[in-house]
Trainee: 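Mind looking over this structure? Questions follow.
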Amino acid sequence: MIHYCNEHGLPLFELPEKFPLVDLSQIMCQRLVMEQNEKNSAEQLFSSILDAENLNREKVFAQARFLNVDLSGEFRVIEFAYHNDRQSYHDDSLTAGQAVRRIINTEFSYYLSENILVQLQTGTVLALVPSVKISDEKLKEILGRIVDVAKNQYHTELYVGVGNSTGYLEDVRVSRNEAAAAIKVADISKADNHI
């Protein structure tokens, strides 16, 4: 069992006989449901920020506090456009997007004590990242690692566009458009740089 789990990268748990497996599965299922609800709430929050015309600042900040997301200070939108090398991923954009989201959350969690907002879209993943807490040099390093991990572990080619910083929620859409424009310009000019 140990050899099989190590070979396939699976966790292996040993439970005392007195501990019913059904109790563990209930705990795990509850946690998975809570985690999915948090992801959905975070994506809804990000969508409401991107739709600044109907922005209710009080509700946005209250929901952000609940999700442990700090919306104070300046932040920018980063867009991760992906292309999959592996045939099995070509047909499943959602699987590739979820993998990219996991990589983004993992890499940024090393540098930030709070969560960042991440949203899946068709062919891209958007992230709202604080500007003040991460220097431009450190950001480029983090983005480089995200690109490398996506390519090496998931065979997914990422192109990253970074929008300018803004201190106003109402201007997040502008930063998002700048990130998308950066990717389009790099694609048109056939730039070798992925960021």
Side-chain angles (χ1 to χ4, degrees), residues 38-39 42-43 45-50 52 55 57 60-61 63-65 67-86 89 93 96-195:
E38 287 177 9
K39 284 179 187 173
E43 287 192 5
L45 176 61
F46 201 176
S47 290
S48 67
I49 292 170
L50 286 172
L55 188 68
R57 293 179 67 80
V60 166
F61 280 103
Q63 190 175 6
R65 281 191 300 276
L67 295 170
N68 190 31
V69 175
D70 183 9
L71 292 179
S72 63
E74 293 189 1
F75 34 86
R76 61 176 52 141
V77 174
I78 302 175
E79 181 171 351
F80 300 84
Y82 51 88
H83 172 73
N84 306 304
D85 294 336
R86 193 185 301 172
Y89 274 176
S93 178
Q98 289 172 335
V100 171
R101 177 173 51 193
R102 275 193 304 275
I103 298 166
I104 293 166
N105 283 324
T106 300
E107 290 299 327
F108 278 104
S109 70
Y110 290 121
Y111 300 97
L112 300 170
S113 58
E114 66 276 341
N115 298 324
I116 61 170
L117 294 177
V118 179
Q119 182 182 45
L120 293 175
Q121 295 191 331
T122 305
T124 67
V125 178
L126 301 176
L128 186 65
V129 178
S131 303
V132 177
K133 297 178 182 181
I134 300 175
S135 68
D136 289 347
E137 296 80 27
K138 183 58 71 179
L139 180 63
K140 192 165 185 172
E141 180 184 319
I142 294 168
L143 297 177
R145 275 199 311 274
I146 291 170
V147 168
D148 291 344
V149 170
K151 177 135 180 88
N152 296 333
Q153 290 185 10
Y154 297 97
H155 308 284
T156 300
E157 196 82 30
L158 283 182
Y159 293 91
V160 183
V162 181
N164 286 314
S165 295
T166 180
Y168 302 101
L169 290 178
E170 294 79 9
D171 290 339
V172 168
R173 183 188 298 177
V174 174
S175 182
R176 190 264 183 265
N177 291 340
E178 292 167 348
I183 291 173
K184 287 178 185 171
V185 168
D187 186 44
I188 291 170
S189 66
K190 304 293 183 208
D192 292 334
N193 194 350
H194 285 249
I195 302 169

Trainee: Kindly indicate whether the side chain of T166, heavy atoms from C-beta on, has any atom under 4.5 Å from the side chain of F75.
Mentor: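 SC-SC contact between T166 and F75 confirmed.
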Trainee: Any heavy-atom pair between the side chains of I103 and Y154 that's under 4.5 Å?
Mentor: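 With C-beta onward as the side chain, the pair touches.
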Trainee: Pair I146, V160 - check side-chain contact (heavy atoms from CB on, under 4.5 Å), show working.
Mentor: CA-CA 10 Å; I146 291 170; V160 183; 5.9 Å; no
Trainee: Is the closest side-chain heavy-atom distance between I116 and L128 below 4.5 Å?
Mentor: no
Trainee: Report the distance from atom OH of Y159 to atom CD1 of I195, rounding to the nearest 0.5 Å.
Mentor: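 Answer for the OH-CD1 pair, Y159 versus I195, is 12.0 Å.
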Trainee: So, taking the atom named CZ in R176 and the one named CD in Q119, what distance separates them when rounded to the nearest 0.5 Å?
Mentor: 8.5 Å
Trainee: May I ask you to test the L120-Q98 pair for a side-chain heavy-atom distance under 4.5 Å?
Mentor: yes
Trainee: So among I78, V118, V149, which one has a side-chain contact (heavy atoms from CB on, under 4.5 Å) with I104?
Mentor: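 It is V118; the other options fail the test.
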Trainee: OH of Y111 to CD1 of I142: how many Å apart, nearest 0.5 Å?
Mentor: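 Taking OH in Y111 and CD1 in I142, the distance rounds to 5.0 Å.
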Trainee: Return all side-chain donor-acceptor pairs below 3.5 angstrom for residues 178-186, not counting sequence neighbours, or 'none' if the list is empty.
Mentor:
residue, atom, partner, partner atom, Å
E178, OE1, N164, N, 2.7
E178, OE1, N164, ND2, 3.2
E178, OE2, N164, ND2, 3.4

Trainee: Can you find a heavy atom in the side chain of F108 that is under 4.5 Å from one in the side chain of L143?
Mentor: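 The answer is yes; the side chains approach within 4.5 Å.
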Trainee: Strictly distance-based, threshold 3.5 Å: is any side-chain N or O of S175 a donor or acceptor partner for the main-chain N or O of R76?
Mentor: no
Trainee: Return each pair, listed once, that meets salt bridge (Lys or Arg N to Asp or Glu O under 4.0 Å) where at least one residue sits in residues 138-148; pairs must be two or more places apart or across chains.
Mentor: E107-R145, K138-E141, E141-R145
Trainee: Test: salt bridge (Lys or Arg N to Asp or Glu O under 4.0 Å). Region: residues 123-135. Which pairs qualify, not counting sequence neighbours?
Mentor: D70-K133, E114-K133
